[in-house]
Structure formats: C-alpha cells, structure tokens
Amino acid sequence: MRRFFAVAILGLMALSARAAAPVVDGSLDASYGPAIALQTDGTGFGDPNPPGSLGGSELDAAYATVSGGRLYLMLTGNHEPNFNKLDILIDSKAGGENTLTGSPQYDFFNGSSWNSQDLAGLTFDSTFSADYHLFSRWVSGTSPYEVDFVNRNGVGSAQVPGSTGSSPNAVGLIAAGSIPAGQVGTNASVSALTQNLDFAINDNNSGGVTASTASAAAALAVTTGMEFSIALADIGSPVPGQTIKIAAMIDNGDHNYLSNQILGPLSSGTGNLGGDGGGNFTGNLAGVNFNQFAGAQYFEVQIRSAPGDYTLDGKVDIADFDFWKADFGSTTERNADGNNDGVVDAADYTIWRDNVGTGLPSSPGSASLAGIPEPSTTVIITIGIVLSGLMIRRR
C-alpha cells in the first residue's frame with residue numbers, strides 16, 4: 001500500500017498529460033487512443049501483399065478523436081491505386097438521408113454521368129442519416145491522392161456545396177495534402193469548406209485482414225492507412241455532448257459495387273455486397289440495405305467541451321471528478337480516459353485538474369471551480385489516499 005501511495009503522489013505531481021492533436025500523415029498516433037471499430041471480415045477486394053501491389057483494399061480499424069474544434073479520423077488499412085473509392089458518410093446534425101437519393105450531382109466520370117447517382121438507394125441502419133460525403137481515390141502509387149467533400153444539403157438540388165483537392169505526387173506510397181478553405185468542387189454551387197480539410201495516405205501495410213480471414217489482433221496490428229482532419233464547423237458544428245456517426249466503406253470507382261470492407265463491420269464470412277447486397281452488379285447500390293446485416297455499419301465519436309469533460313455536459317467541474325473516481329482503473333468504462341491511453345488512471349485526473357472551470361458556463365446555482373489554484377501538498381496527499389483506496393477496492 002505504501003509503495004502505491006508514493007507512486008500515486010508522484011503521478012499527480014507530474015506534468016499535464018493532455019493528448020496532442022494527431023499529425024495527419026497516414027500513420028496512427030497514440031493520441032487517437034483505442035480503436036473504435038475493428039474489421040471482422042476478410043477482404044473481398046484483394047490482399048495487398050506485398051505492399052503496393054494491385055488488388056488490395058481493406059479497412060482494418062477505425063480511430064477518431066476531436067481536438068481543437070476538428071474531427072480527426074484514421075482508417076488503418078489499404079486503398080488500392082486503381083480508382084477504387086473510399087467512401088466516408090458522416091451523420092453529425094439533424095436531418096440527412098437514411099436512404100441516399102440521386103439528386104446531388106458530383107464526382108463526374110466518363111464525360112456522361114455523375115457517379116453520385118449510382119449511390120441512390122443505398123440504405124443505412126435505421127439510426128443513421130447521412131449529411132456529408134467524404135471520398136477519396138488515386139490512380140497509381142505515384143499519382144496524387146484525390147479527396148472530395150460534399151455537403152449533401154438535404155438534397156432537393158442537383159448542385160450542392162462541394163470541395164475537391166489533391167496531394168502532390170505520392171512518394172513511396174505515401175501522400176499528404178489539403179483541400180483549401182473556399183475551394184469549390186466539380187458542379188458544386190459553393191464551397192463546402194470554411195477551413196482546410198487535411199488528408200494523407202500511407203499505403204505500405206502488408207498485414208491486417210487477409211482475403212479469407214480477419215481477427216482483432218491482425219486488425220489492431222496495422223498502424224498505417226488513410227487519415228483525415230476536418231473542422232467541426234464544416235460538418236454542422238456539433239456541440240459537446242453530441243455524437244458524430246461515421247460509416248466508412250470501400251467500393252469501386254463508380255460507387256456502384258460495394259465491397260465487404262465496411263466499418264462498423266459486417267459479420268465474418270460476408271462477401272462483397274455488390275449492388276444488391278448479395279455480391280451482384282446491378283448498376284447502382286439500390287439493393288444494399290444495412291438493416292439486413294447484423295450489427296451497426298457505422299461507429300460513433302463523442303464530443304467533449306474540453307479536456308476533462310468526462311460527463312459530456314459541456315463543462316469541466318466536480319461532477320467530472322466523481323465520474324473519473326467511479327471509473328478509476330477501468331479499461332472498459334473509458335469516458336473518463338482523458339488521454340485515450342486505454343485506461344482510467346492518475347493521468348486522467350491531471351487532465352481534469354488542469355482544465356477545471358473550462359467549457360460552457362456553469363448552470364445557475366452550481367458550484368464553480370474556475371480558477372482553483374494548484375493543489376497544495378495536503379490536497380495531493382488527500383487525492384493520493386483516494387487513489388490508494390480505489391486501487392485496494394479494485395484489487
């Protein structure tokens with residue numbers, strides 16, 4: 001007990017453990033924390049082994065975090081350089097489409113049609129309605145990586161806000177770039193971006209799921225893939241306490257043949273969905289309905305008002321300390337995991353302590369902890385005793 005007591009005090013006296021924002025370079029940063037979704041289905045779009053070989057697209061795991069008013073998204077895996085699309089649909093505000101329509105016209109292809117119309121009829125889980133569409137492609141491992149972002153805008157018009165951009169030529173299967181704020185996409189009415197959208201790909205993975213098998217261990221072992229950062233202001237300005245829902249999937253260049261590489265994942269052994277949900281080509285995705293498959297084909301990201309807002313009520317106060325205390329030592333109840341390292345511990349207390357009083361104003365009649373001084377030795381010892389008691393209780 002005495003040994004842990006000393007360690008607890010030293011941990012509380014350490015510097016703040018605030019998690020820095022990820023660097024958008026196509027490689028997984030520790031600040032993302034644990035995976036939000038893991039692939040459970042072997043890839044039907046080819047196994048990229050050796051790295052960079054044609055015939056390899058997979059989504060191994062999804063990671064996401066919100067920092068500095070931006071959503072950071074990391075999808076580990078591979079994106080085959082043959083015009084295949086990585087489609088990311090975002091549900092982050094009221095409204096949206098549970099079943100996609102063909103009204104918005106974007107992603108021009110072949111001089112005669114709009115690929116976006118081939119998405120028409122795709123139906124999401126009943127609790128998901130798409131507001132925004134982020135998608136990417138590339139031609140070869142040495143070409144620029146191209147990214148588009150579209151605000152589907154509740155449909156009703158052929159032209160909706162959109163933005164498009166590309167990176168410099170890839171080097172060693174790695175590329176990074178930004179879509180500048182104000183950039184207007186093909187056939188867009190106006191730009192969909194008020195701030196830059198950053199993106200990167202590192203396509204050097206040769207592990208992860210294979211053409212026939214998938215496991216959590218294999219998916220977690222992959223640390224490279226496709227990474228994006230977008231301002232919350234450009235996805236409806238969701239506020240603290242709200243949840244962003246994301247559906248990620250890989251399909252062909254025309255958006256009309258869907259693979260089985262989807263996050264949230266399909267059940268193990270499910271083949272490519274094609275256009276009818278059974279692997280057949282029909283010319284569009286009208287026959288794919290995610291309600292027909294087990295689980296949710298999307299994942300969720302919670303927004304905190306500030307580091308230490310563990311209750312997601314928009315402010316950092318004593319209630320968040322109580323929340324941290326209740327979850328101390330847990331690796332499964334992780335709302336109080338402020339530094340996203342997979343466990344609720346003393347470092348997460350430090351994050352709370354350093355941010356008390358931030359976030360939204362306290363409600364009338366509530367106790368305000370704004371401006372509290374650094375803990376005195378007595379306070380540190382008191383917290384150490386609390387930690388010791390918690391550890392003993394959990395043992």
Side-chain angles (χ1 to χ4, degrees), residues 64 70-71 73 75 85-109 113-137 146-165 179 181-197 199 226 228-238 242-256 258 262-264 275 284-291 296-301:
R70 298 182 67 86
L71 169 67
L73 175 65
L75 299 171
K85 299 286 172 59
L86 168 61
D87 283 309
I88 300 168
L89 286 302
I90 301 172
D91 178 358
S92 53
K93 64 180 183 180
E97 301 171 300
N98 179 250
T99 298
L100 297 181
T101 70
S103 297
Q105 296 178 348
Y106 56 91
D107 198 15
F108 191 69
F109 180 73
S113 64
W114 298 96
N115 283 339
S116 58
Q117 295 175 323
D118 292 335
L119 291 165
L122 172 62
T123 299
F124 297 97
D125 292 288
S126 60
T127 49
F128 185 99
S129 295
D131 303 301
Y132 301 92
H133 186 192
L134 171 64
F135 59 97
S136 59
R137 76 186 76 73
E146 300 173 339
V147 177
D148 289 77
F149 177 71
V150 175
N151 178 353
R152 290 183 62 95
N153 208 30
V155 197
S157 173
Q159 291 186 329
V160 292
S163 301
T164 185
I179 305 178
Q183 181 78 32
V184 178
T186 304
N187 200 44
S189 53
V190 294
S191 174
L193 294 171
T194 63
Q195 300 180 39
N196 288 2
L197 188 158
F199 59 86
M226 294 67 69
F228 306 89
S229 171
I230 186 169
L232 295 181
D234 289 325
I235 54 173
S237 298
Q242 289 186 330
T243 298
I244 301 171
K245 299 176 182 178
I246 300 172
M249 59 201 75
I250 290 178
D251 56 13
N252 66 338
D254 296 345
H255 299 293
N256 59 15
L258 189 58
I262 300 169
L263 291 174
N284 57 44
L285 300 185
V288 178
N289 184 337
F290 288 137
N291 292 287
Q297 276 69 63
Y298 66 87
F299 52 91
E300 298 183 344
V301 185

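Between the side chains of Ser129 and Asn98, no donor-acceptor pair of N or O atoms lies under 3.5 Å. A side-chain N or O of Thr164 and one of Asp148 form a donor-acceptor pair less than 3.5 Å apart.
Judged by distance alone, the side chain of Asn115 and the main-chain N or O of Gly253 form a donor-acceptor pair under 3.5 Å. Side-chain atoms of Asn284 come within 3.5 Å of backbone atoms of Ala286 as a donor-acceptor pair (strictly under, hydrogens ignored). At distances below 3.5 Å, at least one donor-acceptor pair connects side-chain atoms of Arg152 with backbone N or O atoms of Thr101. Formation of a donor-acceptor pair under 3.5 Å by the Asn291 side chain with backbone atoms of Phe124 is found in this model. For Asp125 (side chain) and Phe128 (main-chain N/O), no donor-acceptor pair under 3.5 Å exists by modelled atom type. A donor-acceptor pair under 3.5 Å is absent between the side-chain atoms of Asp254 and the main chain of Asn256, judged by distance alone. Of the possible donor and acceptor atoms, one in the side chain of Ser163 sits under 3.5 Å from a partner among the backbone N and O of Gln183. Proximity of a side-chain donor or acceptor of Thr123 to a complementary backbone N or O of Gly121 within less than 3.5 Å is detected. Looking only at distances, no side-chain donor or acceptor of Ser92 sits under 3.5 Å from a matching main-chain atom of Pro238. Remark: side-chain polar atoms of Tyr132 are paired, donor with acceptor, to backbone N or O of Gly236 under 3.5 angstrom.
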- Checking side-chain contact (heavy atoms from CB on, under 4.5 Å) for the pair Ile90/Lys245: CA distance, chi angles, key distance, verdict? CA-CA 6 Å; Ile90 301 172; Lys245 299 176 182 178; over 6 Å; no
- Item | Stepwise side-chain contact (heavy atoms from CB on, under 4.5 Å) test for Glu146 and Lys85 | CA-CA 10 Å; Glu146 300 173 339; Lys85 299 286 172 59; over 6 Å; no
- Take Ile262 and Tyr298, measure what side-chain contact (heavy atoms from CB on, under 4.5 Å) needs, and give me the verdict at the end. CA-CA 8 Å; Ile262 300 169; Tyr298 66 87; over 6 Å; no
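Minimum heavy-atom separation, Ile88 to Phe228: CD1-CE1, 3.6 Å. Taking every heavy atom of both residues into account, Ser191 and Pro161 meet most closely at O-CB, 3.8 Å. Considering all non-hydrogen atoms of both residues, Phe299 and Gly264 come closest at CD2-N, 3.9 Å. Residues Gly102 and Ala120 approach most closely at N-CB, 3.6 Å, considering heavy atoms. Taking each heavy atom of Ala192 and Asp234 in turn, the nearest pair found is O-OD1, 3.8 Å.
To the nearest 0.5 Å, atom CZ of residue Phe135 and atom NE2 of residue His255 are 5.0 Å apart. One distance of note links CG of Leu122 with CD of Glu97; it measures 10.0 Å at 0.5 Å rounding. Rounded to the nearest 0.5 angstrom, Thr186 OG1 and Trp114 CH2 are separated by 6.5 Å. Between Ile230 atom CD1 and Leu197 atom CG the span is 4.5 Å, to the nearest 0.5 Å. Atom CG in Asp87 sits 8.0 Å away from atom CG in Leu258 (nearest 0.5 Å). With values rounded to the nearest 0.5 angstrom, Leu100 atom CG is found 12.5 Å from Gln117 atom CD.
The closest side-chain heavy-atom distance from Gln159 to Tyr106 is not below 4.5 Å. Counting only heavy atoms from C-beta outward, the side chains of Leu71 and Ile246 approach each other to under 4.5 Å. The side-chain heavy atoms of Gln195 and Arg70, taken from C-beta on, include a pair separated by under 4.5 Å. At least one side-chain heavy atom of Met249 sits under 4.5 Å from a side-chain heavy atom of Leu89. Side-chain contact between Val160 and Gln105 is absent, with no heavy-atom pair separated by less than 4.5 Å. At a threshold of 4.5 Å between non-hydrogen side-chain atoms, the residues Leu73 and Leu75 count as touching. In this structure the side chain of Ile235 reaches within 4.5 angstrom of the side chain of Phe149, judged on heavy atoms.
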